[in-house]
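A short write-up of the structure that comes next.
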Amino acid sequence: RKSTRRTSGYMASIAAKNTAGVFDSMDTAISTLGQGGNSEWENVAAAAAVVAAGTAGSGKRSHVQFAVDEKVLVFLNILNHTNSVDSMDAFTVNPVNKFGYPRGEGKMNEEQQGPYVYVLAAVKKVHFDEDLRYYTVARADSGAEQRADTAWMEQVKSPAAVEAATRAARQTSKSEFEKETSVKEDKTRRITAVLAWPVDFAKNTVIP
């Protein structure tokens, strides 16, 4: 499943929304992207600031290149906003930090710090557009293939971090609902079995 056709136009439109200079740095924008209570406009403006800052600093990051099949971290909100394939319940509800760890995980102090704004993905294709290099990545949560630019991506090399990010990506609204439903059904079966035991016992017991 691919969701790449409207990405370029979308990025141009959200970049225009940041002309007021709402965010003074990429760090501020990234931090805002990690806040769960944002309005739609705040998320779009923050995503625009990240894109604008990444574009301005593209020369500085031009040495960062990713290979096909490489595991990477990509800004979750940007992928969500440019995804025209999946429903929201297919997106992870447990984003990770730039080291690949969700909240509560990581060994080193820096690995336990936010903001938590990334989702794990795998590079599927490398594209070249004049001097610009961009990628098609497959999300680890929904599996959708989407465009990702270098400015939105981080390397993740630790096998432990990849494992943690994979587990986090699988925690979606849909999976959490299914898990909760399964627990309730199991509890109901146990209660039914307990209540049915006296009846079954009476039916199968011969009283002398």
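Just so you know, these numbers use all the heavy atoms, side chains as well, and skip hydrogens, waters and symmetry mates.
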Mind checking whether Y116 and L76 have side chains closer than 4.5 Å, heavy atoms only?
no
Quick check for you: to the nearest 0.5 Å, what is the distance between Q155 atom CD and Q65 atom CD?
10.0 Å
Is it the case that the side chain of T136 and the backbone of E145 share a donor-acceptor pair, with hydrogens and angles ignored and the cut-off at 3.5 Å?
no
To check you understand the geometry: which heavy-atom pair defines the closest contact between T150 and R133, and what is its length?
OG1-O, 3.7 Å
Considering only heavy atoms from C-beta outward, does the side chain of V126 approach that of Y135 to under 4.5 Å?
yes
D129, CG atom: more than 12 neighbouring heavy atoms under 6.0 Å:
yes
What one should report as the nearest heavy-atom pair of A169 and A140 is CB-CB, 3.7 Å
Check for me, please, whether F128 and V123 land in the same ILVMFWY cluster - side-chain distances under 4.5 Å, paths through other members count.
yes
Closest non-hydrogen contact found for A161 with V156 is CB-CG2, 3.8 Å
Check against side chain to side chain contact (heavy atoms under 4.5 Å, CB included), E154 and V96
CA-CA 11 Å; E154 293 287 346; V96 300; over 6 Å; no
Rounded to the nearest 0.5 Å, the CZ atom of F75 sits from the NZ atom of K98 at a distance of 10.0 Å
How close do A144 and N83 get, counting heavy atoms only, and between which atoms?
CB-ND2, 3.7 Å
Is it possible for you to say whether V119 and F99 belong to one hydrophobic cluster, with membership spreading through side-chain heavy-atom contacts below 4.5 Å?
no
Under 4.5 Å between any side-chain heavy atoms of T172 and V93, yes or no?
no
Would you say that R167 contacts E163 through its side chain, given a criterion of any heavy-atom pair below 4.5 Å between the two side chains?
yes
Any side-chain to backbone donor/acceptor pair from E111 onto K107? Under 3.5 Å, distance only.
yes
If you define the side chain from C-beta out and look only at heavy atoms, does anything of I78 sit under 4.5 Å from D149?
no
Y118 and its side chain to side chain contact (heavy atoms under 4.5 Å, CB included) partner, picked from L79, N77, L73:
L73
L120-F91 co-clustered via ILVMFWY side chain contacts under 4.5 Å:
no
Any side-chain heavy atom of V74 sitting closer than 4.5 Å to one from Q146?
no
Cluster check V68, V72: I/L/V/M/F/W/Y, side chain < 4.5 angstrom:
yes
Kindly compute the distance separating CD (Q112) from CG (N97), expressed to the nearest 0.5 Å.
9.5 Å
Consider only side-chain heavy atoms of I, L, V, M, F, W and Y, link residues closer than 4.5 Å, and tell whether V117 and Y101 are in one cluster.
no
Would you say that T82 contacts R147 through its side chain, given a criterion of any heavy-atom pair below 4.5 Å between the two side chains?
no
